[in-house]
Structures are given as C-alpha cells and as structure tokens.
Number of protein chains: 2
Amino acid sequence: MTLKEIAERAGVSRGTVDRVMKNRGGVNPETEKRVRRIVEESGYTPNRAGVALVRSKRPMVVGVITNSIGNPFFEEVYRGVEEALGEYRDYGFSVLRREIKGYDVEEQISAMRSLFDQVDGLVFTPIDDAKIAREIGVYAAAGKPAVTVTADVEGSDRVLYVGCDYYKSGQTAAKITALATGGQGEVAIVTGSFKMLGHNDRVRGFRSVLKDTDLRVAEILECNDDDKTAYEKTARLLKNRPALCAVYVAAAGVAGTVEAVAESGVPLFIIANDLIPATREYVRQGRVLATIDQQPARQGYAALKNMFDILLGERPANERFYTDLAIRMQYNI
Amino acid sequence: MTLKEIAERAGVSRGTVDRVMKNRGGVNPETEKRVRRIVEESGYTPNRAGVALVRSKRPMVVGVITNSIGNPFFEEVYRGVEEALGEYRDYGFSVLRREIKGYDVEEQISAMRSLFDQVDGLVFTPIDDAKIAREIGVYAAAGKPAVTVTADVEGSDRVLYVGCDYYKSGQTAAKITALATGGQGEVAIVTGSFKMLGHNDRVRGFRSVLKDTDLRVAEILECNDDDKTAYEKTARLLKNRPALCAVYVAAAGVAGTVEAVAESGVPLFIIANDLIPATREYVRQGRVLATIDQQPARQGYAALKNMFDILLGERPANERFYTDLAIRMQYNI
DNA sequence: CTGAAAGCGCTTACAG
DNA sequence: CTGAAAGCGCTTACAG
C-alpha cells in the first residue's frame, strides 16, 4: 500500500492525504474523515525509503554528549552510536558530538545549550540533578526529544532511558562472590561515588543477596572512579583486615584495586562491573574473577536507533530499555 | 557525493557510471578508467535509500529454513530474523520461511530445493554433512549466497557463519562448575548427539578446563536432545554414582535432567547451555545454577542483516561472526 | 559505446 | 480547502 493508492481510493491528491496524516489542518472535515478511515483500514505506513530520500535534502541531526574524556567506558557507548549512524546515515540522519569530562553539572548544561540550536534531538548520560532535568524540559518544550543512555535522571521529560538495571547488576556480582567464597567470610566494596544513583543501586543489590549468606561487608570505600584513590584505600584496608576473602568493585577503579591486592599478597577474589579494556585483560589473566557486563556498545546503538525512530514519529513501546547483564569470566571474555 | 555529481565530473551520463560500477561492460576503456578514478578519489558509495526505492519494485527475497518444529531455541533465532526484517522490509527485502523438524539430511535438502527458485539467498542451520555442503554449492553457482546460523558445515561455499564459539561455551561452563564445586569431585555430562559438531566442541572445551582441576568426568550420556532419554539415563547414573557433585547439560535435555536430579534427592549443581523458556525458569528457581547463553535472537538478526548487505554487494569483513557468550544466573536471567 | 527518460514513494513549496 | 509539479538518488529499459 502506497500514498498514491491511498489518495486514489479517497479520490484526493497525495498532498491532502499528507495533510491529514500529519495533522497539518486545513482539510475539509468530510474529506479528512474519509481519508483517515482508508488509512486505518489499509494499515498504511509510509515507506521509509521514500521518506528517507526526501529527508536527505536536509538530514536530521542528533546531538550526542559523551562523558568520554579519560573514560574508556563511554568510548564503547560511542562505538555503538557510530555503528547505528553507519547504518542510518544514508537514510537522512547525522550526529553532532560533544565530549566532556566527568560529572560536572555546569559543564553538562553548557554542552546541552551549545548543541540546542543545531540538533533535532539529544542523546546523553545525565547527571542525576534537578538542573539537568530542567534543561531536558527546555528541549522537550521545543519538540526536541531527549534519550538518556547508561544513566538516568529523576523527574525529567526524557522520552526513553537505555541502560542496565543497576540493582540486578549488584545482585549478580554478589551471586558470583558467594559462589567463589563458599558464601562465608568478609567482603570489601569499592564504590565509585555515593552521589551516583547507579553505583548506590549496585551496592544495595549486592548487599541484598549477601543477606542470604554468611558473607559480611567489612567496609565500603568510595574512590570517586579514581584508580589512585582505589589503590590507596584498598591497600590501607588490606593491612587492617587480612581476613578479607573478596573485593567487589562497583564502578571504576579496578586497576587500582587489583594493584593493591597484588601487593598485599592476600589471595582475594575480585569481582568487577563493566568491560573496559583493562578489566578484560585482568579477567583474562585470572586476576579479576568475573565482571558484570552491561553491554555499553549496545546501549549506544539502541539509544541512537530509538532516537531515529522517535524523530520519525514513533513512540517507544516502553520508557525504559534495559540491556542484558552478562557475567564474563576467563573463557567468555 | 551522488551518482549525478560523479557523472558530471566525469563528463558522462549516470548510466555510464552505473555500467562501470557494476562491471557491466560495454564502456570505452578510456572512459571507464576516468570514471573509476573519480569514484575512487571521491570515495563514493551509492545512497542506500535511493537503491532501496528502486529495489522496492521487485523486493529481494531471502529464504530462511529453521529447525524450529518442537524446538523453542530456533523460535528465538527466528525472532531475531523478524526483527531485522521489520527494519529492512521498507528497503526492499522480504523473507520466505520453511520450518522443519530436527536434523534429517534429506528433509533439509528438500527444503533447500523447494526454496531455490524463489529466493535470492539462503539463511539456515546446516547439518554438518557433505550433501548439505554440496547443495550450498548449487546455490553458490547460481549466485545465491548462503549464510549459516547457529551451526556451521565443513567445507562449503557458505559466505558467512553467524553463531557462537562452541568450544569456549564448554570452557565457560566448566569454569562455573569448578567454582561451584570447589574444583573437586565427579561430574556427569549429558550431551545432545555425538554427531553434532557443536555439541562435541562443547564437551571438548569443558574437559579442557577440567584438566586444571581435581574434577573428573564420571560419565558422558547421549540423550539425542530428548528429555525422556535425558531423564532415564541420568536417573540410572545417579543410582550408581551417588557421589556426583555436578551435571553439565551440553545441549537440550535440561528438563529431563533436572527432573532426574530432583527425584534422586542428591544435591547436585546443574550447569546448562542456552536460554530457552524452560531453562530460564529453572535458573530463576535456582534448580539450574547457570546457563551459557549464546544469544540466538542476535544470531538470527545478524544473519539476516548481513545477508541483506551481501545481497547489496558488500562482502562481510570476516567469514565468521561470533555472538558473545553470556553466563546467566539467578539474578541476571 | 552512450545518453535521456521514466519511475520507485515520499515531501515540499507553490498556485489557485 | 486542494491539486499539480518538482525533486530526493538511484536503476532499468530503451533509443540511437
């Protein structure tokens, strides 16, 4: 079924059908009703190749902000973005990227504003802060949808969140920890930041599973995603608690933790999250027992692809899209 | 860069550029050289939306044979096929499906032949048999590419294999088994068929990792992917070997194995492969400790998408595309 | 050996 | 309130 056929059946021109379908107004109510009925009955949807060709005159542009400076995890997310772009570039889409460092609210807002006039929609990893939510509102008011990737922000108008379930990711890590230790002994947790929603969710998930075992959390260390801090705090802890049997690294800081453990000579199990090159290497070597992978490249890919569909007028089925969590160990890394 | 621009720069018509790019011949050697140089220099690739629109007059059709009758695993593969189709239908592609049951060479060949005249390419899960390889050769000779999904066949002209690395999948299962048992005791293996390449690779991978532990394989049972057989053989074994500490189910037959273990009352760890609804439920309940997921839906999706690209003239970068192996346990199922 | 034209399905001004 | 036409980038006959 094509636009032309619809128009013929309704006895009008393609222009009129278009006016009806896009709710552009200025159509005789009788005519509109007739057209609408025929569209419904035939289940017509516009052919995407036809639409794409027209759009290629002035491609739609999606703004993408990545916290990738000095953070290889977000390079992975962006790899997925590029993959989706490669598939859809010819269909009239492009991407405008801004790279920022870390989680500074003002810097993130400034990136959002600098992109505003040039883009039709925004994909980014928000800091969970009311100011960011408000800025998303500015985009929404201008008809520019926002999709959050990897992390979400409370109470905003973002159309879709693409990322993992952090609570489950902590639970999964605990399950592996229990298996390795026989479910007995003391565990330390190295977390990223107490201010990050996802990190806290992981810790909560981890603890919830430990309740059913004889494992206890000896201490929880905040490293601010910094390897040096992770190293120092872990090293100090290991001196005071030689009886530890495992360390759970809930965010970044894996390399620092691994180093401290190696120097201590204590035979600990290290369980991590996420799959950056350094962690992959540690798992391969057996220095990290397992890592819980949230598939960042798939997140970037899905975020962008969904954004394209949203710009084409399709609403996502669900406001959250969770990527699977995969446990990776020595042989499936 | 568009065809039109290329034609203008070369001072010829679009038709002539097309003749050069498709190697259709009948072009003055001088002209051809000039066009080719300009195409190279500009890095021109045809716009896919434009190509799609023309192709929509007569869509290309991909034949898909699935061994899905009575086998939920292949329903998952087909879900992925449908997802890819949903994305690419408007770009001038369609699918013609044949469903068959099990692994009968003659039945598979007959499905291949019945599809031959109606399709431009074939996606299927081959039996590892020389007759099948020969039949792929018939397709290849007619310029109809074949992509194998989930399983591969030796010595054929298939263009691409999309599936997992079975050896690694067995290794990964062994790693989990070792972790759960403390690396000591006796393990039974329930395999599908000694005639299936993938099943044997899994068993080999499993054994290779066990060598570094104090785990021993007590017995290896062939169940022909049948739950009843799995149940009977496992039940019998458990009577003779009450000291078993784990069972590795290398293919189908999980439900039968689980039942036999439950009845025996012996507290065994069960480690499985693949993620069908039944297995998911067992993992959720804790009756199966872990399963190694090869992501069948992604396999179907990638197989079809790659086939579309192949039909458009792109050769895949590699002749094998491995989907990731994910360990799934109670909290990430 | 080569070019001009039609047409794939759509959207976008423009004319009335 | 409505339609005719141009054009997006490509391929496919067809004419010469």
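Reminder, nothing fancy here: chain letters follow the sequence lines and each chain counts from 1.
Here the closest heavy-atom approach between residue B:Val159 and residue B:Pro145 is recorded as CG2-CB, 3.7 Å. In terms of heavy-atom proximity, A:Asp157 sits nearest to A:Gly137 at OD2-CA, 4.0 Å.
For A:Arg9, the CZ atom counts as loosely surrounded, since its 6.0 Å shell holds 12 or fewer non-hydrogen atoms of other residues, nucleotides or ligands. Atom CZ of B:Arg58 has 12 or fewer neighbouring heavy atoms from other residues, nucleotides or ligands inside a 6.0 Å radius.
Annotated stems with DNA chain C as a participant read C:1-3 with D:14-16, C:5-12 with D:5-12, C:14-16 with D:1-3, given as range with range, by first number; only runs of 3 or more Watson-Crick or G-U pairs under 3.5 Å qualify.
Per the geometry, CE belonging to A:Met60 stands 9 Å off P belonging to C:dT12, to the nearest Å. Distance B:Lys33 NZ to C:dC1 C1': 17 Å, rounded to the nearest Å. Here the C1' atom of nucleotide D:dA13 and the CZ atom of B:Arg58 are 15 Å apart, to the nearest Å. Atom pair A:Asn28:CG and D:dT2:P shows a separation of 5 Å (rounding to whole Å applied). Counting to the nearest Å, the C1' atom of C:dC1 and the CD atom of B:Glu32 are 12 Å from each other. A straight line from CZ of B:Arg24 to P of C:dC1 spans 14 Å, rounded to a whole angstrom.
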For nucleotides 4-9 of chain D, tabulate all protein N/O to nucleotide N/O atom pairs closer than 3.5 Å, reporting atom names and distance.
unit_1, atom_1, unit_2, atom_2, d
D:dG9, N2, B:Gly50, O, 3.2

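Scored by the side chain to side chain contact (heavy atoms under 4.5 Å, CB included) test, B:Arg79 finds B:Glu76, B:Ala297 as partners (sequence neighbours excluded).
Checked against a 6.0 Å centroid threshold, the rings of B:Tyr91 and A:Tyr91 count as neighbours.
Side-chain N/O atoms of B:Thr31 and B:Arg19 include no donor and acceptor closer than 3.5 Å. Side-chain contact, A:Glu87 with A:Tyr301: a donor N or O sits under 3.5 Å from an acceptor N or O.
Base contact: A:Asp18 has a heavy atom under 4.0 Å from a base atom.
Between B:Phe308 and B:Phe93, the angle of the ring planes stays under 30°, which puts this pair in the parallel group of the 30/60° scheme.
Regarding contacts with the backbone of C:dC1, every side-chain N or O of B:Thr16 stays at 4.0 angstrom or more from both OP1 and OP2.
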